Each structure stands twice: as structure tokens, then as C-alpha cells.
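For reference, the structure is listed below as C-alpha cells.
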Amino acid sequence: MLWSRWLVLLLCWGATSGEQSADERDGAADEVRADTRRQRSPPPVEPLDFGFVPAAVYDTHAYYEPASIGILFHMVHAFLYVVQPNNFPKDLIVKVIQQNMGGIKLEEWKKPENVVLLLQWIHYQAGFLVCTTVGVVFVVLIPLIAMCFCVCRCCENCGGEMHQRQRKNADCHRGFFTASLVATTIFIILGVLIAYAANHNVTSQIKSTRRLINTNLRDLKTFANNTPAQIDYLTAQYTTAKNKVLSDLDNIGPLLGGRIHSQLEKEVVPSLDTALRMAGAMRETKEALENVSSSLEVLQDGMGKLQASLTEERASLSNTLSDPACTNGAVSPTCNSIRSTLSQLGVGADFHRLPDVSQAIANVNTVLRTDLSNIVQKGYSSFNDTPRLVKEQTKNIVSALPRVKGMLDKIGTEIIGFSKMFPVEASLANFTIFLNERQKSIEALYPQMDQMDFYRWIGCVGVLCLVVLVLAFNILGLLCGSCGYDKQATPTTRGCLSNTGGNLLMAGVGFSFIFAWVLMAIVTTMFVVGGNVEKLVCEPLANRQLFKIIDTPYLVHPEKKNFLPGMLFQNPNIDLTLGSMYRECYENNGLYHALQLETMFNINSFLNRTVYNKDLAKVLEGVQVDLQDITLLEQAGRDNLINFANSGIGQIDYNAYLAEVNKGVTVVDLLTFSTDLEAQADQLPRGALENALKGHASSIRHIHREQVVPLEQAMSTLNQSIKQLQRTSNDLPVKVTNILSAIDAAEYLITQNASHVVKQETKAYVQSLVGYFKQYTEWVKNSLTAEVAQCKPISNMVDSMEIVACSFIVDSVNTFWFGLGGCCILLIPSIIFSVKLAKYYRRMDTEDVFEDSSYPWLVAL
């Protein structure tokens, strides 16, 4: 067991229990409390890739599904369930074990509690006791009955008299006895075949047993060979965490500066963004003012020209309507209608009354001489330069990097040294040698096992041959008797073949009496042993009830809680059970987790002393970062914002502009007016008047196309620019004040509160460095739980023993006695029918003679 102790110890080094010790929690309490006071989640730690632990591949597949013989196994299980339908007596067995661990003494059975236990056991075993009693009675009575039967026949009784009385239904009796004996013989043959199949199954499963033994031993070797490599892999992966820490320390400027930058940018960046947006608004304001000025100029000039064109066209149209043709009674209404609309030919808006924006343009141009965008970009650059400032001011940390590397290398050396404290490789090498020796010893036993199995097979076949001998006499007797029987022959004149058949049947009866009780004794013994093993061992082992008995607290001793940890670690108070260990190994988890070795070794103190090294935090305690040099917005930028607020765009009369824009270019839509004019001209008789009116309509369209359309476009531009200026100038001083206040607040945060932010982010930075080691220890814990020293071979060994002992041996033994027992029971009706049938085949010494001719058929018989 020395190798198993070392195997347990070698796995303890890398464990990281999910529950940290009190010392470890107290050691990190200050950092944890400071972190929680921040009222924000800690920054995420970059996940490390430790790769995959070299996996062991096990060959054993501990699963067995019987082929066609499984039907026979199920039949036997059903029979045993009928015999023993009670549930597994776990509580009863536990009480028996607990009360008799000190040894069973005869006088103790007289105690009331032991009497109760005995009665409960008898009640549980009632079915087996009844069947066993029947078997014992069979064994005892069969020889007595055989002796009495022989004596009785010797006295010419019990069918021993060689005289056969004539009866009317003799043929019916003979046919019935023949059919019954044939049926009984067939069933006995089936029983022999069942027993032979079970006997042969044991031999055929020897190869499977060897395969299971070889694969289990090979898996144990794989377990022993892979475990050291897996442990070395765990220790080697400490380098991954160490290198990441060193890399982060080497890049402390970008990393720590980036953290400080990220913390401050929540206040700084939004304020600079608003200033940058205001710089864009200045440029847009200038463009809008210029658009207003140019549009206003275009509209003032164009509206004058439009007014002149419309006045001229209106006068020309009026002269046309003065034509004498318009005085005609049919034309006069149309001319009057057109004449009434002449007043609509005029301009709508008057842009000459609108104020000029040249002063506002001049003011904005003055403001734009200072490039606010460039000033804000300088603020961005100054703030984004935080990582460089941190790097320059933390050169002492980088210079201490060799010392930190030395500390981390020392930690790695301690971890490797701790893993080498136990002679792991030597112990596992000895274990491998032990396995090789045991394998050779087992393989040396294979010839003996084959020889013993051959003797067993011969013995079982010999037992079956006893039944086959009786079957041979029965079958030969039936064949000879049936073939040699002559209906015309009288009992005293029966042929030799018929007489031989009867004698063979009686020989079968004799051998049945000789062998039946011996066979039943064998069946009873195998039934008691095999049946109880199936019900008390195999079934509880299959449903794991047997583990619950072994795992019962205080089973073996009133002061020892658990049996398994008491046997392995001499500490019965560990909450380790055989059932839990089997489940963990069945799921192919690590042996460390299956044996709960974290309760045996204080790994946390080791990790707290090594991996969680506080010297690393001391190196970073002296970090001092001064951000006074950061300027977000120069004074020129502030003055520029104030000048923009006072540029006068807020004093522009936007309502006057919008009122004139909403009037439109003309009083009436010229296109509609020209269309209506053409429609009215079409109502006139063809002639000079009609053509003149259509010419005026064409002139109006030309005016709309050449003069109105450009003016409408200029008016649309003016409308958009005025609305944009109105939005920009709305509460402009308030907006500028808010921007300056936000920038002042951000600069105050940088200049006055930076030390707090630096300290806060430095702690977070240290926490991220420690987080890499925590990732490593957590990975080690998970690897030990599920990947290192996977103990599937242990559960495979238990399952393999269950398969060999129960499925291969016990099921076959139970099926053997089941078939043989059926044969023994059927020998009784076989004896009866053989004795009855032999009377009709054997040659009698005397017979009944009838002289009455009224019954000639009797005489013939």
C-alpha cells in the first residue's frame, strides 16, 4: 500500500480549494474592501490560455450485454424475484454488522435485540428457506421412496406382479402415459440444454475475462505513466502566468496609463466632444450667414426684375383685352373674367425691408480666425498622452523588473520543489513494476485456470450425463415399446422389442431413483449459494445499495464515522464515501477530487505563501503619477467660445425673414395662371384674340421659368439657412457656459483628484496582476478535479469485477441449477409415467382369459 499512499500525496501539491483559508482572506482584506468602495465592477482580467493537460486514454469498456443467453438469465432473475420479492435489507445488515463487529458469541443470540434481528432475517429469507426445505425433503425422501418402491415390487406389488388386467380403455391409458412421458422427456431435455448452455457460457467468457484483466492492468499502467507528465505540465504552466505578469509590468505605462485614461475619459472626453461640436457649429454658422447674405442679395435684385416683367406683361395683356373683339356678346364674359385676374400678376414678398447680416458675418469671421478645432485636438492629444506620462513617471517600476522576475522565479522554484517533495516518479515506477509482476503472475495462472475450467466443465457435463442417461432409457424405451407394440398380441405373447422397451423404461426409473436425490442435493446447494449471492451481492452492487452499507456512518466502530477514509488516511471523520468516490471515478474525474485530498493538506497556506506574494504589491506601492501638465482647453479656445456667443447672431430678426419667405415669390402661381388663361382662350372663337391670349400665356410661363424658379431656389436656401441660424443661436450663451463648465470640471478632476484615481487604478492594476495567478491556481484546481490522474480505471475495476463475478459466473451458476433443478423435479412424473407405461410394453407371465363369446374383443386382447 506504500505506492498508493505516495500516489495520494503527490496529487495534493497543486490543489486550490474553492474555500480560501482565513489567513488568505485576511491578507487580501484591505484590497478587497477598497475595491468594493469604488461602487463599480473590477476591470476584467485578460484570460490566459494554459492549454490542455495531456489526457490519458483508457481502453477498458466495462459493459456487458449477454446475447441470447440473456433470456435465460432474465428467467432466473424472475424466478429469484418470486422466491425473494423483498427489498434489499440494508438496515438489517447494518444492524447485524454493528452488533456483531466484536465477534459472534452463542450466548449473545439469546439477547432480545439479536432474536429480533434473527427473526427479521428469517422473514427476509422465507422464500429461500421454503425452497431449501423442499430440496432437503426431496433429497431425504427420494432414497426412502426408492427403497420402499423396490421392496414393494419385490413383493409383486406396486406394479411388480407380471399380470395385466384387461380393461376397455387400455389403449387410452397407454396413449396418455406415452404422451405424458414424451412431454416430460422433452421438458427434461430443455432443462439439460439450459444447464449445458450455462455451463458452456462460463467457458466461453474466459476470453472476455482475460480481456478485461489485460485492459484494466493496461489502464492502470497508463494512469501511472501519465500522472507524472500531467503534474509536470501543471507546474510548467506557472510560466504562462509569470510571463504575463512580467509583460504587464514591462508595459506598465500603456497599461496603467490606459486604466487611468479610461477612468478619466468618462468626464473628459464628453466635455471635449461638446467643444469640438461647437467648433463645427461655428463653421456651419458662417456658411449659413453667407448663404443668407447671398440669397438675400439675389432675391432683392431678382424681385425687382420680376416686378418689372410682371408689370409689363400685365399692361400688354390689358391692351389685348381692349380689342374690339372682346365687346362681342359671346366673348365679352370671358374677356371680363380674364380682366378681373390681372391684379394677381404681381410679386408676393418684399425682401428689401429685411435687415442686413453683414455685421454678424464679420463677427463670426473674426471668431473663426482662431482655430477652435485645433485647440480642442490639442486637448485630446494632451489627455491621450496620459500613458506616456505614466510610463515616464514609473521608470522605477521598470527598473525593478529584474527583482520582480527573481521573486517570481523563486515562486516557480518553490512550486516545482513542492511537487518534487514526494518520490512520485519512483513510487509510480514501483507501481508499474508491481503491475507487470502481477500481470505475469496472472498470465502464469491462465493454464491452470483453463485446466480447472476444463475439470469444472467435465464435472458439470458428467452431472448432466446422469440426466441424459435417464433420458436415453426413456427415449429408447419409448422407441422400442412404440415400435414393437402389437395390438393383436396378448400381454403374455408380446414381442421381444416391446418387452425390451418396457425393461428400458424400468431401467430409467431405477437410475432416476439412484441419481435424483444426488442431483437435487447439488441443485439445493447451488441454489442456496448462488441465489443469495445474486440477491445479497450482485443486485445491491448493480444498484449501488452495497456502497450505502459500507458508507453507513459508524458501521465498524462507534467512534469512527466513515470506513473508507479511516482505512486510507486513518482519519474517519473525512466526509469521503465509497459511493461518492465511485461516482467521481465513473465520471472520469481526478483522483484528487475523488479522494477529497483537499481535506488532508493545507494547500491554501502554501499558495498564500508562494503564488499570492505580497512583495509584488509593495513594488507598486510607490507609484506616483502627476497629471498637472494636461491642459484640455487653452485660454484662446475659451475666449473663442465666448466671442462666438457674443457674435450677434442671436440679435437677427429671424421671424421677419421667415414671414417674407412664407409669402412666396408671386401672389399667384404663374403656371396655374397661364394654364387657366389658355383654357379661357380656347373658349373664344378662332382668330387673332385667341392667338394673342395664348401668346401671353406663353410669356407668363417664360417669366416663371426664367425668373421665378431661380428666386424660389434662393428663397429655399434662405429658409434653410435662417432656420439653422435660429437653432444655433437659441440659448447660445447658455450652451457655451455649459461647455466651459464641463471642461473646468474635467480639468479639476485631473488636477485635484488625479491622485485618488491613480491610487484606485493602481490597486486595480495590481489586482489584475494577482488575477493572473488566481487564474493559474483556479486552472490547477479544475485540472486536478477533472483532468489530472483521472481515476476511471478504479470504477472500471469495480465494474469489471461485477461483470466477471455476477454476469459471467453467478448468472451462469444460477442458470445451471435452474435447468438442472427443473430436470430433477420432472424426474418424479417421469418415474410415474415410465412405471405405468412399462406395464403395457413388458411381456406378462399371466393374463385374464374370458370364455364368454359375447365379448370376442376381450378374448382377442
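In what follows, residues are counted from 1 in the order of the sequence shown. Keep in mind the model is a prediction, meaning the values are calculated, not measured.
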Test side-chain hydrogen bond (donor to acceptor under 3.5 Å, both in side chains) on H77 and N814; report intermediate values, then the result. CA-CA 9 Å; H77 293 164; N814 289 338; 5.9 Å; no
Can you see whether T60 engages R218 through a side-chain donor-acceptor pair at a distance of less than 3.5 angstrom? no
Over 12 foreign heavy atoms within 6.0 Å of OH, Y81: no
Under the side-chain contact (heavy atoms from CB on, under 4.5 Å) rule, what do E534 and D811 come out as? Steps first, then yes or no, please. CA-CA 8 Å; E534 171 66 26; D811 283 346; 3.4 Å; yes
Could you tell me whether Y233 and F50 have their ring centroids closer than 6.0 angstrom? no
Going by atom types alone, do N199 and R456 pair a side-chain donor with an acceptor below 3.5 Å? yes
Measure up the W817 and F527 rings against each other and bin them: parallel (under 30°), tilted (30 to 60°), perpendicular (over 60°). perpendicular
Does Q448 reach the main-chain N or O of A444 with its side chain, forming a donor-acceptor pair under 3.5 Å? no
So L536 and Y124, side-chain contact (heavy atoms from CB on, under 4.5 Å) or not? Walk me through it. CA-CA 11 Å; L536 296 176; Y124 173 77; 3.5 Å; yes
So if I apply the side-chain contact (heavy atoms from CB on, under 4.5 Å) rule between V463 and each of V518, V523, I522, which one comes out positive? I522
Non-neighbouring partners of Y586 that pass ring pair (Phe, Tyr, Trp, His ring centres under 6.0 Å), sequence neighbours left out: Y582
Any Lys/Arg nitrogen of R544 or D799 sitting under 4.0 Å from an Asp/Glu carboxylate oxygen of the other? yes
Might you confirm whether atom CZ of F187 has over 12 heavy atoms from other residues, nucleotides or ligands at distances under 6.0 Å? no
Dump the intermediate steps for side-chain hydrogen bond (donor to acceptor under 3.5 Å, both in side chains) on N201 and S812, then the final yes or no. CA-CA 7 Å; N201 183 66; S812 298; 2.8 Å; yes
Side-chain donor-acceptor pair present, Q125, N532, cut-off under 3.5 Å: yes
Value rounded to 0.5 Å, distance of CZ in F79 from OG1 in T815: 12.0 Å
Do Q451 and Y455 have side-chain N/O donor and acceptor atoms under 3.5 Å apart? yes
Quick test of your reading of the model: are K221 and D59 salt-bridged, counting only N-O distances below 4.0 Å? no
